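Everything numeric here is computed off the predicted structure, so don't read it as measured data. Numbers restart at 1 for each chain; the letters A, B, ... are given by sequence-line order, proteins then strands.
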Amino acid sequence: MSEPEILLKLDQVEKRFPGVIALRSISMDLRAGEVQVLLGENGAGKSTLMKILAGEYRASAGTVTIGGKAVSTLTPETAGELGIGLVHQELSLVPALSVTENIFLNRLPRGPLGRINWRKAHDMARRALGELGVSIDPTIEVRRLEVAEQQLVEIARVLERGPRILLLDEPTSALSDGERLRLFDVIRRLKTRGVGMIYISHHLAEIPMIADRVTVLRDGVVVETLPAEKADEETVVRMMVGRTLDEQFPKQVAEIGTPALAVENLASGNSLKDISFTLRRGEILGIYGLMGAGQSEVAPALFGLQPIKAGSVAVDGKPVHFSYSSNAIAAGLGLISRDRRQSLVPMQPVGPNLSLSWLSRRRLLAPLELKREREESERYVKELRVRPSSLTHQLMFFSGGNQQKVILARWMSSGAHTLIFDEPTRGIDVGAKAEVFALMSRLVNEGAAILMISSELNELIGMADRVLVLHGGRVTAELDRDQLSQENLLRHAS
Amino acid sequence: MSESTATKTSDEAAIAAQSGRAHLRHLLFQAGPLIALILLMAYLSFATSNFLTVDNLSNVARQSAFVAIVAVGQTFVILTGGIDLSVAAIAALSASITAVLLTQPLALLGFDFGLLPPELAVAIGLLMGLVAGAFNGWVIATFKIPDFIATLGTMTIFRGAALLVTDGLPVPSFDAQRQLPDTLIWVGGGTLFGFPVSALLALLCGLIAWYVLRYTVLGRAIYAVGGNREAARVSGISIERTKIMTYAISGLLAAIAGIVLVGRLNSANALMAEGEELRSIASVVIGGTNLFGGEGSVLGSIVGAAIIGVLGNGLNLLDVSPFWQRIAQGFVIVVVVIFDQWRRRSMTRI
């Protein structure tokens with residue numbers, strides 16, 4: 001058997017963002033007809049790498065060789081011409097256009113005089129979707145589809161261009177088991193046609209199902225590329241995390257105390273239908289769900305940022321109703337939001353960011369507590385090892401992990417004792433993650449209660465005392481610490 | 001493991017060095033407007049014989065005072081990411097009301113109040129400015145409409161109200177029962193210890209505003225709302241209340257400027273100070289405040305107003321035709337904004 005053709009080769013590719021080095025030195029290759037699974041924690045650099053290959057970001061250094069030719073600048077156009085197709089993690093469809101228009105954007109079949117031949121277009125779209133084994137009406141607007149259907153449309157759109165190199169960034173995160181298996185069928189068919197695929201996934205169980213080789217990234221570096229047979233769960237998790245699990249998740253069992261937050265039959269927004277739980281002091285309660293399962297609306301609803309449709313909330317045993325976040329803060333709640341950018345004022349240094357929540361409910365012309373602000377900033381910068389340890393640098397120059405520490409310090413300094421961590425480690429590196437986890441352990445030991453909403457299975461398994469699994473906006477399972485495993489969580493979530 | 005720790009520390013050092021340089025550059029850019037003003041004044045001192053005279057400098061200061069006071073208020077609004085196009089109209093409205101009350105007896109709803117005490121007339125004028133500004137803020141916060149459109153509308157409303165108050169005629173009119181008080185004339189055109197009173201007043205407004213922005217809860221809330229609305233909201237700051245306050249302050253300062261202008265011109269009319277809203281915005285931007293909010297200072301805006309004033313005066317002294325003066329001033333604004341954008345891009349791409 002001859003050596004398979006090398007479709008793509010990366011040599012010491014590097015990518016820097018302000019304050020963050022996303023990719024340090026990436027060298028890897030992709031062969032024709034193989035599926036290479038790319039693994040790594042959030043923030044390891046997987047999505048950045050995909051965006052470089054799709055021409056959406058430009059590498060700061062290093063060379064990319066495609067089909068034997070070195071490519072100096074990749075733009076989305078040249079990437080398409082070179083046969084690279086990317087299925088995005090975040091959907092990149094136009095919600096107000098029809099399925100057909102999304103699949104053939106810019107390339108709709110035209111008749112004489114440039115008129116669009118809609119009948120032919122819809123037929124082609126139907127066929128493209130049929131390849132994936134789904135029947136979706138191609139004339140319908142994309143925004144009317146379920147998330148899973150949208151994801152399939154996205155995949156159909158990329159496949160329609162006949163890519164030689166296919167990049168799949170967590171394509172199954174919103175799919176049901178059946179849909180996932182059909183996608184795998186398509187992937188196997190593409191393999192026989194010689195398409196090379198890089199497949200990002202968090203579901204380690206998928207490796208034996210489709211992978212030929214597995215590449216593990218950590219902190220912007222390739223740890224190792226190994227054949228799929230050798231990539232058992234224990235090995236790859238150790239590679240991804242780069243340290244023993246005890247070091248990464250310094251879980252201490254704290255004494256469970258009185259109820260801090262009791263929620264009954266809460267419904268809010270579009271996706272959260274019915275959730276009930278009691279969070280006690282000293283406890284970390286995890287909430288897990290796949291995309292669109294309602295977990296993203298838990299924090300805004302509890303924190304008075306979006307109206308509650310039904311249900312009741314009690315803090316420290318007292319029924320409450322928060323119309324504004326200032327009410328929630330006054331009751332002792334703190335929120336580490338899903339998107340860090342929503343929590344900090346980038347052009348200001350640590351002090352004003354730390355003390356922002358102290359302003360809540362104060363008279364407008366009252367003087368600032370500048371002395372306390374300086375003292376507490378100094379204390380927390382030292383205690384949480386914020387880098388750079390500067391009180392004058394604007395926060396935009398800090399890395400994600402250090403920004404997250406400042407936000408944590410904000411709630412610690414304002415005396416919040418019930419903390420909602422919404423995706424607390426998104427986009428921060430492994431080392432900073434471990435520090436955030438250590439802080440969570442410390443906080444519950446000091447009597448705080450933590451609601452930890454996360455899509456990272458590893459960190460829920462590592463840190464949570466209990467996990468509620470959501471599906472379709474409702475709780476499908478409540479798992480105790482000894483029942484937590486990737487399979488268990490995923491099974492109840494899908 | 002030791003190798004990875006080594007790369008880690010060298011990375012941290014590299015990041016620290018990068019952000020250190022950017023930080024230094026940031027400080028340098030903050031002093032930029034002041035350096036520009038000093039260079040401009042130094043050039044004019046050499047290029048013309050009569051720029052650096054007490055008379056001329058007092059004149060420039062007096063002329064710039066109006067824009068400077070309005071720009072101080074405008075800074076509050078722009079720091080939250082808003083814009084106030086109605087400031088000149090508010091200035092004219094407050095000026096008109098004050099001038100009418102100072103020179104005519106007040107008859108309202110069938111009651112005859114006679115001539116009001118001058119202090120009361122001025123107080124009513126200032127209050128009008130505050131209320132008009134608060135109205136702007138209320139409309140924007142309650143109905144969630146863009147600041148630009150809201151104040152474009154209220155600008156016309158306030159001009160119309162000023163026309164109603166003055167009947168479209170200059171005040172004091174030929175049948176005035178009382179002349180404008182001497183104190184007001186002194187504030188507009190007089191001196192205190194040799195310095196123009198109006199310019200001193202502009203500085204005083206600037207200092208108070210600087211204090212409010214730097215040392216009070218309101219100031220911090222303004223920077224937070226402009227820097228990141230969502231972060232302010234999550235931290236329990238009321239965006240609505242903050243916005244209404246900034247517009248009220250802007251209205252109050254516009255009223256002060258308008259009444260000072262009455263003193264300088266010795267008269268008021270409904271169409272006075274037309275176009276000055278744009279000069280106040282230009283002053284704020286030249287002074288280094290980010291048009292999208294969150295960054296900047298009132299002292300910069302005062303320097304910005306001084307640059308515009310000195311530039312106009314200098315071009316006059318250099319015998320540049322007024323037509324070309326306008327073109328030159330427009331170019332300065334465009335160049336400053338280009339420079340500002342470039343600076344911001346270079347900062348996010350260290």
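When all heavy atoms of P346(A) and G227(B) are compared, the pair lying nearest together is CD-O, 4.0 Å. Among all heavy-atom pairs drawn from P367(A) and V217(B), the shortest one is O-CG2, 4.3 Å. R410(A) approaches S235(B) most closely through the heavy-atom pair NH1-OG, 3.4 Å.
Residue-environment remark: CZ (F322(A)) exceeds the threshold of 12 foreign heavy atoms within 6.0 Å. Residue R58(A) places its CZ atom among 12 or fewer non-hydrogen atoms of other residues, nucleotides or ligands, all under 6.0 Å distant.
From L365(A), atom CG reaches atom OH of Y211(B) across 9.5 Å, with rounding to the nearest 0.5 Å. In this structure, CG in N228(B) is found 10.5 Å from CD in Q348(A), a value given to the nearest 0.5 Å. Between atom OG of residue S337(A) and atom CZ of residue R233(B) there is a gap of 10.0 Å, rounded to the nearest 0.5 Å.
In this structure, no portion of Y324(A) lies under 4.5 Å from any heavy atom of chain B. For W411(A), the part lying under 4.5 angstrom from a heavy atom of chain B is the side chain only. Only the backbone of R214(B) comes within contact range of chain A, with at least one heavy atom under 4.5 Å from a heavy atom of that chain.
Between chain B and the options N353(A), V345(A), N327(A), I407(A), the largest number of non-hydrogen pairs under 4.5 Å is found for V345(A). The candidate with the highest count of non-hydrogen atom pairs below 4.5 Å against chain B, out of S355(A), A366(A), P300(A), A330(A), is A366(A). The choice from L344(A), L335(A), L370(A) that makes the most heavy-atom pairs within less than 4.5 Å of chain B is L344(A).
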Residues L368(A), T216(B); criterion side chain to side chain contact (heavy atoms under 4.5 Å, CB included); working and verdict: CA-CA 5 Å; L368(A) 293 169; T216(B) 68; 5.6 Å; no
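Of all residues spanning residues 236-244 of chain B, those with a heavy atom less than 4.5 Å away from chain A's heavy atoms are G236(B), I237(B), R241(B), arranged by number.
We find that R220(B) and E369(A) are not joined by a salt bridge, their nearest charged nitrogen and carboxylate oxygen being 4.0 Å or further apart.
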